[in-house]
Structures are given as structure tokens and as C-alpha cells.
2 protein chains.
Amino acid sequence: MSKKPIELTEAEWRIIKAVWAGEPCTAPGIQSVLEGETGWTYSTVRTLMDRMVVKGLLAAKKLGKMTTYRAVATPRQAQRGELMYALKNAFNGALTPMVECLLNTRDLTSDELDKIELLIQTKKRDVNKTPGRG
Amino acid sequence: MSKKPIELTEAEWRIIKAVWAGEPCTAPGIQSVLEGETGWTYSTVRTLMDRMVVKGLLAAKKLGKMTTYRAVATPRQAQRGELMYALKNAFNGALTPMVECLLNTRDLTSDELDKIELLIQTKKRDVNKTPGRG
DNA sequence: CACGATAATCTACATACGTAGAGAATGGCA
DNA sequence: TGCCATTCTCTACGTATGTAGATTATCGTG
């Protein structure tokens with residue numbers, strides 16, 4: 001039942017983010033949105049989108065002469081998939097080292113640190129409420 | 001000068017982790033280590049390793065009939081690269097949401113939470129010492 | 001020195017990915 | 001109704017990736 005983790009290439013990320021931003025949408029629409037940053041032609045965008053449909057990342061529906069697309073994968077799922085990939089491969093599933101590496105990745109503002117600390121605190125409260133997993 | 005971020009495929013991750021674990025090493029050695037989990041033949045392992053040399057991930061040196069390999073990419077670099085990929089594509093560079101998603105990825109033990117909280121606290125102290133960026 | 005075990009080299013092939021052109025279809029407007 | 005613009009469909013091609021077989025070279029041993 002549980003869908004296996006999603007993995008997206010950079011090109012696919014660009015596409016799906018544009019789709020999320022304006023669902024439902026058309027290939028020409030996405031192309032014009034991405035044209036500036038990528039320089040992709042209509043053909044390129046269309047090919048990518050159709051391949052993503054095959055992969056189950058997007059869904060397409062034909063309306064008259066146009067095809068509209070919407071995302072099947074949610075931002076959460078996609079983000080999760082990316083994280084799982086890194087977690088599994090780069091950190092052998094160990095979450096704390098991954099967080100640590102992330103925190104060292106760049107200088108954090110004290111604002112960011114505060115936010116993250118708050119997240120931890122909230123989590124802690126949850127852990128105490130919800131009986132722990134094994 | 002600054003090396004551009006490293007990205008590894010799953011196969012490459014397996015290889016490089018085995019290499020890190022026993023540098024310097026040989027292809028037959030890595031193959032026998034990975035045989036159980038992957039079923040890869042010598043040819044497969046060898047091809048992967050040589051391609052990784054071309055990419056600058058590993059370095060090879062010939063000693064008599066054997067070729068020994070060592071990693072060029074460090075674990076830090078490789079992990080960093082993976083993280084950057086996710087950060088850039090899945091989170092548009094926003095670190096806090098990434099940490100948040102990570103924390104929601106699975107139930108954390110209160111031990112893990114403590115460790116992470118400690119990391120934050122340490123960071124906070126650093127921020128106060130080191131003059132902030134911008 | 002000849003042979004067998006081990007390692008190496010070369011070649012191959014299917015699938016995925018990035019990128020796109022050429023030509024067909026279709027719908028709206030003059 | 002015919003033409004033009006818009007969109008679609010098909011095909012293509014180079015590189016990357018996963019996977020590996022066939023053949024050759026080499027080192028140590030008898």
C-alpha cells in the first residue's frame with residue numbers, strides 16, 4: 001500500500017514546482033513560466049511532463065485540443081522522498097547526524113535557530129504525550 | 001576553486017561507503033564486500049569504480065597487476081552534496097522547513113531529541129561569538 | 001618454464017535523462 | 001470556409017547509469 005519513495009531529478013523538480021504553483025496547468029503555460037530560468041523549449045517541457053505522467057508524478061487530462069496537467073505527488077511526498085534518499089544513502093538512516101550536518105551547512109541566523117529549537121521543544125512535548133514506539 | 005557539489009547515485013553511494021571503510025582497497029575486495037547485499041559481479045563493481053575515478057570521486061593507482069583505489073571525496077563532502085541537493089530542489093534553500101520535515105519524517109526518541117536540542121544550543125552559543133553574516 | 005588462479009581490459013546493451021526539431025492537427029477569426 | 005497561430009505528436013540523439021560477459025594479461029607455484 002505505502003507508495004515507495006519518490007525521487008525527482010532537478011529537471012523534474014523545476015517542472016513539478018511550477019505545476020504546484022498553478023494547477024491545473026498546460027504544457028505551454030509551464031514552458032512560458034520556466035522559459036526564463038531554463039531556456040527550455042516547448043518540446044522539452046512537454047517531454048518531461050509526459051514522462052512524469054508515466055512515472056505517476058503528474059496526471060494529464062485532455063480538454064479539446066489542450067492537455068491539462070495536475071500534480072499527483074504532493075510537495076510533502078516529494079520533499080519526504082528527497083530527504084529519505086539522503087538519509088538512507090548519505091547517513092545510513094541516522095537522523096541526528098543528518099540534522100547536525102544540515103546545521104553545519106551554512107551559518108544560521110539566531111532567528112532560524114530559535115525556530116528550530118521551538119520545533120524540537122514541540123516535538124518533545126509530543127513524545128511525552130504519545131506513547132513511544134518500541 | 002570551490003568544488004561544485006557532489007552528487008552520488010545509490011550505486012555510487014554503496015561503492016564509496018565500502019571504499020571509505022577500507023581504504024586503500026581493490027575492486028575485487030570491494031566486490032566481495034558488496035556481493036552479499038548487491039549481488040554485483042566483479043565487472044559491475046569495476047565499471048562503477050572506474051567511472052567514479054573519471055568523475056573525480058575516487059583515485060586509482062596501479063601496483064603490479066592490481067589497481068588500488070582510495071576515495072577523493074570525503075564523507076563530509078558527499079553528505080553535504082546530498083543535503084544541498086535536497087535543500088536546493090525540495091526546499092528552495094530554506095533550511096528551517098527542511099529541518100522540520102526531517103523531524104516529522106519519523107518518530108524520534110527523546111534521546112535523539114535531546115541530542116538535537118544540544119546541537120542547537122551549541123550553535124546558538126557559536127552565533128553569539130562569531131559575528132553574524134549580514 | 002608452463003599452468004592455473006586472479007585481476008584486468010574491452011565491449012555491449014538496455015533503460016533513463018536532457019534536450020529538441022519536424023510535421024500534423026485543431027480551433028478561432030477574417 | 002480558408003488561413004494562421006497554437007498545440008500536439010513523433011522521432012531522434014547524445015550522455016549517463018546499471019549491469020555484465022568475453023577475452024586477455026599477469027603473478028606465483030610446481
Side-chain angles (χ1 to χ4, degrees), chain A residues 4-19 22 24-69 73 78 81-82 85 89, chain B residues 4-19 22 24-70 73 78 81-82 85 88-89:
Chain A
K4 48 220 58 165
I6 293 169
E7 274 159 43
L8 302 175
T9 66
E10 281 195 67
E12 289 169 340
W13 269 110
R14 283 187 192 278
I15 297 282
I16 209 169
K17 284 194 278 191
V19 172
C25 57
T26 67
I30 297 296
Q31 192 269 325
S32 68
V33 166
L34 295 182
E35 170 129 62
E37 40 172 310
T38 65
W40 289 337
T41 66
Y42 166 78
S43 280
T44 298
V45 171
R46 183 66 198 249
T47 302
L48 288 171
M49 292 179 80
D50 285 341
R51 286 180 184 166
M52 288 171 79
V53 169
V54 173
K55 290 190 193 179
L57 297 170
L58 301 181
K61 183 193 297 195
K62 208 165 285 183
L63 294 182
K65 81 161 163 176
M66 305 180 88
T67 305
T68 51
Y69 295 83
E82 215 57 75
Y85 182 87
N89 295 295
Chain B
K4 49 220 57 167
I6 293 170
E7 275 159 42
L8 301 175
T9 66
E10 280 196 67
E12 290 169 340
W13 269 109
R14 283 188 192 277
I15 297 282
I16 208 168
K17 284 195 277 192
V19 172
C25 57
T26 67
I30 297 297
Q31 191 269 323
S32 66
V33 166
L34 294 182
E35 170 129 63
E37 39 173 311
T38 64
W40 288 338
T41 65
Y42 167 78
S43 279
T44 298
V45 171
R46 184 63 199 249
T47 301
L48 288 171
M49 292 179 81
D50 285 341
R51 286 181 185 165
M52 288 170 78
V53 169
V54 172
K55 290 189 192 180
L57 298 170
L58 301 180
K61 184 194 297 197
K62 207 166 286 183
L63 294 182
K65 83 160 162 178
M66 305 181 89
T67 306
T68 51
Y69 295 83
R70 60 186 188 73
E82 215 57 75
Y85 182 87
K88 180 170 79 119
N89 295 295

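Chain A is the first sequence line, chain B the second, and so forth, proteins listed ahead of strands; every chain is numbered from 1. Keep in mind that this is a model prediction, so the values were computed, not measured.
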Kindly give the atom pairs (protein nitrogen or oxygen, nucleotide nitrogen or oxygen) under 3.5 Å for nucleotides 26-30 of chain C.
none

**Report entry** With sequence neighbours excluded, residues passing side chain to side chain donor-acceptor pair (under 3.5 Å) with B:Trp13
**Finding:** B:Glu82
Query - side chain to side chain donor-acceptor pair (under 3.5 Å) involving A:Tyr42 - partner list, sequence neighbours excluded - result: A:Arg46
Requested in this report: For A:Ala73 and A:Ile6, work out which heavy atoms get closest and say how close.
Outcome: CB-CD1, 3.6 Å
Query - Minimum side-chain heavy-atom gap A:Val19-A:Met52 below 4.5 Å - result: no
Query raised in the report: Rounded to whole angstrom units, what separation is found between the CG atom of A:Asp50 and the P atom of C:dC17?
Result: 15 Å
**Report entry** Any donor-acceptor N/O pair, A:Thr38 side chain to A:Leu34 backbone, under 3.5 Å
**Finding:** yes
Polar atom pairs between nucleotides 18-21 of chain C and protein, under 3.5 Å, N or O only, would you list them?
unit_1: C:dG18; atom_1: OP1; unit_2: A:Thr9; atom_2: OG1; d: 3.4
unit_1: C:dG18; atom_1: OP2; unit_2: A:Thr9; atom_2: OG1; d: 3.2
unit_1: C:dG18; atom_1: N7; unit_2: A:Arg51; atom_2: NH1; d: 2.8
unit_1: C:dG18; atom_1: O6; unit_2: A:Arg51; atom_2: NH2; d: 3.2
unit_1: C:dT19; atom_1: OP2; unit_2: A:Trp40; atom_2: NE1; d: 2.8
unit_1: C:dT19; atom_1: O4; unit_2: A:Arg51; atom_2: NH2; d: 3.4
unit_1: C:dA20; atom_1: OP2; unit_2: A:Thr44; atom_2: OG1; d: 3.0
unit_1: C:dA20; atom_1: N6; unit_2: A:Thr47; atom_2: OG1; d: 2.8
unit_1: C:dG21; atom_1: N7; unit_2: A:Ser43; atom_2: OG; d: 2.8
unit_1: C:dG21; atom_1: O6; unit_2: A:Ser43; atom_2: OG; d: 2.8

Query raised in the report: Would you call A:Leu57 and A:Leu8 a side-chain contact if the rule is heavy atoms closer than 4.5 Å?
Result: yes
Report task. Please identify each residue that fulfils side chain to side chain contact (heavy atoms under 4.5 Å, CB included) with A:Glu35, with sequence neighbours left out. Result -> A:Gln31
Query raised in the report: Does A:Lys62 have any side chain to side chain contact (heavy atoms under 4.5 Å, CB included) partners at least two apart in sequence or in another chain, and if so, which?
Result: A:Thr67
Query - For A:Glu10, all residues meeting side chain to side chain donor-acceptor pair (under 3.5 Å), sequence neighbours excluded - result: B:Lys88
Query raised in the report: So do B:Asp50 and B:Tyr69 actually touch side chain to side chain, heavy atoms under 4.5 Å?
Result: yes
Query raised in the report: Under the salt bridge (charged side-chain N to carboxylate O under 4.0 Å, His left out) rule, what pairs show up with a residue in residues 24-33 of chain B, not counting sequence neighbours?
Result: none
Report summary line: First and last nt of DNA chain D near chain B, cut-off under 4.0 Å to heavy atoms, 5' to 3', are D:dT17 to D:dC27
Query - Non-neighbouring partners of B:Lys65 that pass side chain to side chain contact (heavy atoms under 4.5 Å, CB included), sequence neighbours left out - result: none
Report task. Could you check how far NZ of A:Lys55 sits from C1' of C:dA16, rounded to whole Å? Result -> 7 Å
Query raised in the report: A:Arg14 CZ to C:dC17 P: how many Å, rounded?
Result: 17 Å
Query raised in the report: Listed by chain and number, what are the side chain to side chain contact (heavy atoms under 4.5 Å, CB included) partners of B:Ser43, not counting sequence neighbours?
Result: B:Thr41
Query raised in the report: Does B:Arg46 make a side-chain N or O approach to OP1 or OP2 of C:dA7 shorter than 4.0 Å?
Result: no
Report summary line: Numerically ordered, the residues 24-35 of chain B set in heavy-atom contact under 4.0 Å with DNA chain C is B:Pro28
